[in-house]
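First up is the structure itself, then whatever we jot down about it.
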2 protein chains.
Amino acid sequence: MESIQKSKKEIIKEKASYLFRKKGYAATSMQDIALAMDMKAASLYNHISSKQEILQELLMGIAGEFTSGMEDILSSTLDTQAKLEALVNLHVQLTLHNSDSIALITGEWVHLSEPELTQYKKQRSVYEQRFLSILSACQKEGLIAKKVNIDLALYSILSSLHWLYSWHHKHPNISKIELEHQLKMVLLNGLIS
Amino acid sequence: MESIQKSKKEIIKEKASYLFRKKGYAATSMQDIALAMDMKAASLYNHISSKQEILQELLMGIAGEFTSGMEDILSSTLDTQAKLEALVNLHVQLTLHNSDSIALITGEWVHLSEPELTQYKKQRSVYEQRFLSILSACQKEGLIAKKVNIDLALYSILSSLHWLYSWHHKHPNISKIELEHQLKMVLLNGLIS
DNA sequence: GTCTATAGGCTGATAGAC
DNA sequence: GTCTATCAGCCTATAGAC
């Protein structure tokens, strides 16, 4: 039977992700993390091997969740439009469950050191290509007008979905189902009819 | 007659905005900036008074351009939908002319020190309220469906517009007029009809 | 597993020669 | 206006007592 207690390493990663989100990786010191843990900075090293390791585990964890979510959607028998909607749901799901660490994907990944930086960028690029392939299929089926630049549409959708955590931070009372519904209207159906 | 030459301070700000965008404010040292200028770090202080001053001037400059652009649009006699479209054009305009320093508005503003931090946040909040008031007017006129959450729509549009610089960085050959046209389709008219 | 002490390096910024 | 030299402080990380 696994313990339901969080390990101290997990708590450190939680506190660190909060600080990385608020001040950025470079501006967050081990002192800051130690203060949040009620410890001395040196004691942190009994649980983690470096500040960089914390960042790596946080980002690689999130990246893995996106990758596996994408694989489930691609291998499903959903029709093309339903796949697109399932992607929106995936981002909502991961945002509501990881709102501090998910914030790191907008900017803090640049502080990864090699070889994780290259690995992270490759994983993100594959994710974006797969997202684009779904948009492309929508366009072939006539769901998206031919004149629309789907490269730009992809970036626009991902920008909104990446920043969702910050909106949700200010509007925490909206339900998951309503958030998904509203995002599909705004991102997919458009504002002005 | 003013000189058409850029002052050394202006060149420092350009190089710094490039580095701040790429590595972040905290991870960029005066050494890094000096290297880009072919100078020793100490020599920078003949032109600027601190690293913080560079960040402040970059961010306050951009914020001022957004504020004055918004004021021109609000005081115009354009109809409501045209005002919304003019806002998209404003972001495109400022992005194409300031792509390094404009990148700082997505995250680096957190490194402003007081009192500029408070001033910046207030200015941004006023900008967002004015943007929202235009969306609200669109909704009252029936251009936007009543069921749409315009708080979420505002955040979604601004997310895309804020990250436009990074898309344009990878697709520099698109014309200004086509970029504006595509963004209005994607952000306002929607993908799926 | 936590602490104190500390190493070794980099930071932003200043002083003063030229 | 640029340089060398330098300061005082903070950084990540380690060593070793308890």
Side-chain angles (χ1 to χ4, degrees), chain A residues 3 5-60 104 107-117, chain B residues 2-60 104 107-117:
Chain A
S3 167
Q5 293 291 321
K6 286 176 191 168
S7 73
K8 228 159 207 179
K9 179 167 182 174
E10 284 172 312
I11 302 174
I12 289 170
K13 281 163 68 178
E14 275 178 20
K15 303 278 189 191
S17 69
Y18 171 75
L19 291 165
F20 292 169
R21 175 175 74 76
K22 251 189 41 178
K23 319 202 304 170
Y25 175 78
T28 300
S29 69
M30 296 303 283
Q31 275 256 36
D32 295 330
I33 300 171
L35 201 71
M37 292 292 297
D38 263 313
M39 277 180 162
K40 298 295 170 181
S43 307
L44 294 170
Y45 291 87
N46 285 306
H47 307 283
I48 50 110
S49 69
S50 68
K51 183 182 167 188
Q52 176 69 208
E53 185 198 46
I54 303 174
L55 183 68
Q56 282 172 13
E57 294 198 6
L58 289 171
L59 277 168
M60 293 311 182
L104 308 179
E108 299 308 311
W109 59 269
V110 300
H111 296 109
L112 285 173
S113 56
E114 297 294 0
E116 285 78 11
L117 177 60
Chain B
E2 293 252 315
S3 167
I4 51 165
Q5 293 291 321
K6 287 175 189 165
S7 72
K8 228 159 207 178
K9 179 168 183 175
E10 284 171 312
I11 302 174
I12 289 170
K13 282 163 67 178
E14 276 178 19
K15 303 279 189 189
S17 69
Y18 171 75
L19 291 165
F20 292 169
R21 174 175 75 77
K22 250 188 44 178
K23 318 204 304 171
Y25 175 78
T28 300
S29 68
M30 296 304 283
Q31 275 256 35
D32 295 330
I33 301 171
L35 202 70
M37 291 292 296
D38 263 312
M39 276 180 164
K40 298 294 170 182
S43 307
L44 294 169
Y45 291 88
N46 284 307
H47 306 283
I48 51 108
S49 68
S50 68
K51 182 182 168 188
Q52 176 69 210
E53 185 199 45
I54 302 175
L55 183 68
Q56 282 172 12
E57 294 197 5
L58 289 171
L59 277 168
M60 293 310 182
L104 307 179
E108 299 307 310
W109 59 269
V110 300
H111 296 109
L112 284 172
S113 56
E114 297 291 1
E116 284 78 13
L117 177 60

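Residue numbers start from 1 in every chain, and the chains themselves are labelled A, B, ... in the order their sequence lines are given, proteins ahead of strands. Values below: all heavy atoms of this structure, side chains included; hydrogens, waters and symmetry mates excluded.
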For this session: Could you name each residue pair satisfying ring pair (Phe, Tyr, Trp, His ring centres under 6.0 Å) that touches residues 20-39 of chain B, not counting sequence neighbours?
Result: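 Applying ring pair (Phe, Tyr, Trp, His ring centres under 6.0 Å) to every pair that reaches into residues 20-39 of chain B, excluding sequence neighbours, yields B:F20-B:Y25, B:Y25-B:H111.
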Exercise. Can you list every salt bridge (Lys or Arg N to Asp or Glu O under 4.0 Å) pair that touches residues 16-38 of chain A, not counting sequence neighbours?
Worked result: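 Matches after skipping sequence neighbours: A:R21-A:D100, A:K23-A:D32.
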For atom [atom1] of [X] and atom [atom2] of [N], their distance in whole Å:
| X | N | atom1 | atom2 | value |
| --- | --- | --- | --- | --- |
| A:D32 | D:dC10 | CG | C1' | 11 Å |
| A:K8 | C:dC3 | NZ | C1' | 13 Å |
| A:L44 | C:dG1 | CG | P | 13 Å |
| B:H111 | C:dT11 | NE2 | C1' | 15 Å |
| A:M37 | C:dG1 | CE | C1' | 12 Å |
| B:I33 | C:dT11 | CD1 | P | 11 Å |
| A:K23 | D:dC10 | NZ | C1' | 12 Å |
| A:K40 | D:dA13 | NZ | C1' | 17 Å |

Problem set entry | B:S43 side-chain N/O to D:dG1 phosphate OP1/OP2 under 4.0 Å |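 B:S43 to D:dG1 OP1/OP2: no side-chain N or O under 4.0 Å.
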According to salt bridge (charged side-chain N to carboxylate O under 4.0 Å, His left out), who are the partners of [X], at least two apart in sequence or on a separate chain?
| X | result |
| --- | --- |
| A:E108 | none |
| A:E10 | none |
| A:E57 | A:K9, A:K13 |

Problem set entry | Protein-to-nucleotide contact annotation, 5' to 3' order, nucleotides 12-18 of chain C [B base; S sugar-phosphate only; - none; under 4.0 Å, heavy atom] | SBB----
For this session: Among the candidates D:dC3, C:dG1, C:dC3, find the nucleotide nearest to the side-chain atoms of A:H47.
Result: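 The answer is C:dG1.
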Exercise. Is a side-chain N or O of A:Q56 found less than 3.5 angstrom from the main chain of A:L112, in a donor-acceptor match?
Worked result: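 Side chain of A:Q56 to backbone of A:L112: no pair is present.
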